[in-house]
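A quick write-up on the structure given underneath.
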There are 4 protein chains.
Amino acid sequence: METKTFSENPPAAAGSLKERQRQERVELILEAAEEVMAEKGYYEMSMDEIAARVGIAKGTIYLHFPGKEDLFIALFKRGLTSFLSGIARIASQPLSATERLKLILMQAYDEHRKKQSQVFMAVFSGGNMRKETVLKQLQMREYLKELASYISKILEDGKATGEFDGSIQTSVMLTAFLSLLNRPHYEEMLGEASFSAEELADQVGRVYLHGISGK
Amino acid sequence: METKTFSENPPAAAGSLKERQRQERVELILEAAEEVMAEKGYYEMSMDEIAARVGIAKGTIYLHFPGKEDLFIALFKRGLTSFLSGIARIASQPLSATERLKLILMQAYDEHRKKQSQVFMAVFSGGNMRKETVLKQLQMREYLKELASYISKILEDGKATGEFDGSIQTSVMLTAFLSLLNRPHYEEMLGEASFSAEELADQVGRVYLHGISGK
Amino acid sequence: METKTFSENPPAAAGSLKERQRQERVELILEAAEEVMAEKGYYEMSMDEIAARVGIAKGTIYLHFPGKEDLFIALFKRGLTSFLSGIARIASQPLSATERLKLILMQAYDEHRKKQSQVFMAVFSGGNMRKETVLKQLQMREYLKELASYISKILEDGKATGEFDGSIQTSVMLTAFLSLLNRPHYEEMLGEASFSAEELADQVGRVYLHGISGK
Amino acid sequence: METKTFSENPPAAAGSLKERQRQERVELILEAAEEVMAEKGYYEMSMDEIAARVGIAKGTIYLHFPGKEDLFIALFKRGLTSFLSGIARIASQPLSATERLKLILMQAYDEHRKKQSQVFMAVFSGGNMRKETVLKQLQMREYLKELASYISKILEDGKATGEFDGSIQTSVMLTAFLSLLNRPHYEEMLGEASFSAEELADQVGRVYLHGISGK
DNA sequence: GATGAATGAGCATTCATTCAT
DNA sequence: CATGAATGAATGCTCATTCAT
């Protein structure tokens, strides 16, 4: 897809050399921003520090992003997109709905993607940014809806096959699932031992699927 | 001689007039701060705006709180304490563990307490503040542990009576429960219709207790 | 002397009870202010701290002094007056000009009066306060002139008796003498051992009187 | 190819264009600060006013100095260094100790250097700043000691040649000399006519060297 | 008279954003 | 294009002064 129609610059067709370099730059910036964001959160992420980590001048960031908020939005989209692509892959696998949900949990808890998740989970869990900032960006909604629809689809699938309880509203199931996705950090606050991604996914999966009730 | 009665020193229970007024002021400030905090989050909550909303001078806030962080801490404690008192009441009722959890969910989703919850939920969900700020305050940990212990107690009770599945770790149950407590705002993001507190509590409660699986 | 014509208050002739108490208050405030001033200097001397040290309310200070500057002025006058009375006593003694100067030096270096001296020496050595603050107060000039005149008188006396060199202008002698009066604190900066008041007065006196030249 | 010449790194001797401009800016700021400092003292020297006088934005100052204190320290060092360089030149001249002291006095009284002297004299005369501020900066001590050592050296020289009285402690001589260095402003307070630097140096020199005693 | 809570102007400092080079 | 010096609005905080009680 990605039919970019931006190449109107005089010099050339913005071939692939320049463009590739440009994309690289953007990528580096996002990576650094992600790092800082994960370490310090939105408000303590300074453009200076990002630039410094990339090794470019502060002004250069503004060549690629109109402002700090926009950089964050990009970060968010990137994280979500990456997450989504994983979800999409999982969603399309010929597995039971149950299996697919478990895989998604595992992906969410995966340390590897942690930083990226952190960025958009931060938005989910609220309080982290001016809400307008985030919501004003309509595209974000679209991405979120896409995420929601993938999961809803799985939930509906499950209902159809009888795997899941048809009497519970899908939106509630979805909501609860999303809540559980955000790898909890109460652990650290409460001083509990951390679980591995697998363990956590397994146990949380059991709660989500079968509840905490004894039979 | 010096037959001092019990209320002559200014700092402590200084009669009731001054002290009452003082408490009122503090309350007003906290209320305004809570509002701003809920609207904009910690970093965009400015002392100026709080003062303006209360209708007092900026300096007055500093008569009651040493600084912005302390004001936040107070806010946090206030929210958590209020929440905790509800939890404590519920926890002590002669109800089944299951019933008690449901009541707690209802309390958490109650619109009335929403803003207060938001403040300390914000801390839960992280990213909102410099972690040091929050964690340096040891009492906070204590309060959080108290919350955790109330809920853990109920969970253990349930396990003992056979209501809950003894093969799932209490810490996981707890973690999942806390995650679900935070009234989800994906709703608004996803444009879904909101549920009432009762409905939400009921449905989420079902998921938490019995899972989403069909029988 | 002190023929105060301020007693026009309705209640009474502002007898001596009220007035005495009033003077006591003023004295206590000045004492505390002097202390703080000596410890922290003008700008870090806060009305709050002074009030706290006296054990009165901040507002009460304003019943006796129109403002911080005025309090300082009073402090200055008090120190200078006290110093002056010493000078006056010394000046009037039937001693040689030389002896009298030595006594003045000793008084200046006397640890006992240190705090009081510090206050007005601070003005001398400049930089400590907005110059206008000090100079706007014309009376200060008068007091300073009085100090200058006492010393000039001694210097002239000395010239008359041949004790002092008539070819050096009195104003220079005066200026140099005043400079030497301010007990130096380079000592502490330079890490030198401090002298006692006597030693210092003696040695500085020798320099001032006979110069550092070998004969 | 990258035929880098010897001056490509920004931080260090970055060529001469940028660096020169930078030094100019720093110089302008220091000059303005010096002015304000001389007029109002440390506490009433506001960053705003300095910026305004230079004609730059407030933030720009912080590009060159980490904070107000540091700006002051720089000011102090600058004044003292400048003064010291003069002293060093004088001290090394093949003149009698007496002559050298006179030259130093002249330099100190020179109107031209007045403002610069004022800054570090302000530190000398104390009261002007939180003592910690100044003394915490160890280098300051070093500079002061260097000044003291230059003068002590001259004094010792004089004693060795018999010019000066060997029975007076060098530290006292030094202390007295430093006191006299601070061009007295009692003049202005006392309304006396000011002397020219030469006259003043000459007369004060006579006092310092030979004392005020008539033979 | 006292009090001390309230005021609000003033200040140092930060940082996203701009723009001349 | 890239740079990074410059900007200036915004913010937390202090403290002399006022005034209702």
Side-chain angles (χ1 to χ4, degrees), chain A residues 9 11 18 21-22 25 43-52 54-71, chain B residues 10-11 14 17-18 21-22 25 43-52 54-71, chain C residues 9 11 18 21-22 25 43-52 55-72, chain D residues 10-11 14 17-18 21-22 25 43-52 54-71:
Chain A
N9 319 52
K18 287 271 179 140
Q21 286 188 339
R22 184 190 155 74
R25 263 289 171 55
Y43 288 94
E44 300 206 351
M45 161 180 99
S46 88
M47 302 303 265
D48 271 286
E49 182 164 5
I50 295 171
V54 182
I56 60 178
K58 192 171 17 174
T60 306
I61 298 181
Y62 287 85
L63 258 35
H64 300 283
F65 302 92
K68 188 182 177 183
E69 278 193 13
D70 307 84
L71 172 53
Chain B
L17 180 70
K18 283 291 179 78
Q21 286 186 341
R22 184 189 160 74
R25 261 288 201 287
Y43 287 94
E44 301 208 352
M45 161 180 99
S46 91
M47 300 304 262
D48 272 290
E49 182 166 4
I50 295 172
V54 183
I56 58 178
K58 197 177 6 178
T60 305
I61 299 181
Y62 288 87
L63 253 40
H64 300 284
F65 302 93
K68 188 183 175 183
E69 276 195 15
D70 306 85
L71 173 52
Chain C
N9 321 51
K18 289 271 179 137
Q21 286 186 341
R22 185 190 154 75
R25 262 291 171 49
Y43 288 95
E44 301 205 350
M45 162 180 98
S46 85
M47 301 302 264
D48 271 287
E49 183 164 5
I50 296 170
I56 59 177
K58 194 174 11 174
T60 305
I61 299 181
Y62 287 86
L63 256 36
H64 301 282
F65 302 93
K68 189 182 176 184
E69 278 194 14
D70 307 85
L71 172 52
F72 173 79
Chain D
L17 180 67
K18 283 291 178 82
Q21 285 187 339
R22 183 189 160 72
R25 260 290 199 288
Y43 287 94
E44 302 209 351
M45 161 180 102
S46 90
M47 300 303 263
D48 271 289
E49 182 165 4
I50 295 172
V54 184
I56 59 178
K58 195 172 11 174
T60 304
I61 298 180
Y62 288 88
L63 254 40
H64 301 284
F65 302 93
K68 189 182 174 184
E69 277 194 15
D70 306 84
L71 172 52

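We name chains A, B, ... by the order of the sequence lines, and we start the count at 1 in each one.
Between the CD atom of Glu69(C) and the P atom of dC15(F) there is a distance of 17 Å, given to the nearest Å. Distance Ile50(C) CD1 to dA16(F) C1': 11 Å, rounded to the nearest Å. Going from atom CD1 of Ile56(D) over to atom P of dG4(F) covers 20 Å, rounded to whole Å. Glu44(A) places its CD atom 8 Å from the P atom of dC15(E), with the value rounded to the nearest Å. Between the CG atom of Asp48(B) and the C1' atom of dA10(F) there is a distance of 9 Å, rounded to whole Å. A straight line from NZ of Lys68(B) to C1' of dT11(F) spans 8 Å, rounded to a whole angstrom. As rounded to whole Å, 13 Å separates atom C1' of dA2(F) from atom CD of Gln21(A). If you measure from atom OH of Tyr43(C) to atom C1' of dA12(E), you get 17 Å, rounded to the nearest angstrom.
Between the two ends of the helix from dA2(E)-dT21(F) to dT21(E)-dA2(F), each summarised by a five-pair axis, the helix axis turns through 10° (rounded to 10 degrees).
A sub-4.0 Å separation between OP1 or OP2 of dA2(F) and a side-chain N or O of Arg25(A) is present.
Near DNA chain E, meaning a heavy atom under 4.0 Å from it, residues 57-66 of chain A has Lys58(A), Tyr62(A) in order of number.
Partners of Phe65(A) by side-chain contact (heavy atoms from CB on, under 4.5 Å), not counting sequence neighbours, listed by chain and number: Val26(A), Ile29(A), Leu30(A), Ile61(A), Leu71(A), Ala74(A). Considering only residues two or more places apart in sequence or on other chains, Lys68(C) meets the salt bridge (charged side-chain N to carboxylate O under 4.0 Å, His left out) condition with none of them.
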(request) Could you walk me through whether Arg25(B) and Leu63(B) pass the side chain to side chain contact (heavy atoms under 4.5 Å, CB included) test, one step at a time? (result) CA-CA 10 Å; Arg25(B) 261 288 201 287; Leu63(B) 253 40; over 6 Å; no
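With rounding to the nearest 0.5 angstrom, the CE atom of Met45(C) is 10.5 Å from the OH atom of Tyr43(C). In this structure, NZ in Lys58(C) is found 8.0 Å from OG in Ser46(C), a value given to the nearest 0.5 Å.
Glu49(D) and Glu44(D) get closest at one heavy-atom pair: OE1-O, 4.5 Å.
If you find the closest nucleotide of DNA chain E to Gly55(C) and to Met47(A), the one lying nearer the 5' end belongs to Gly55(C).
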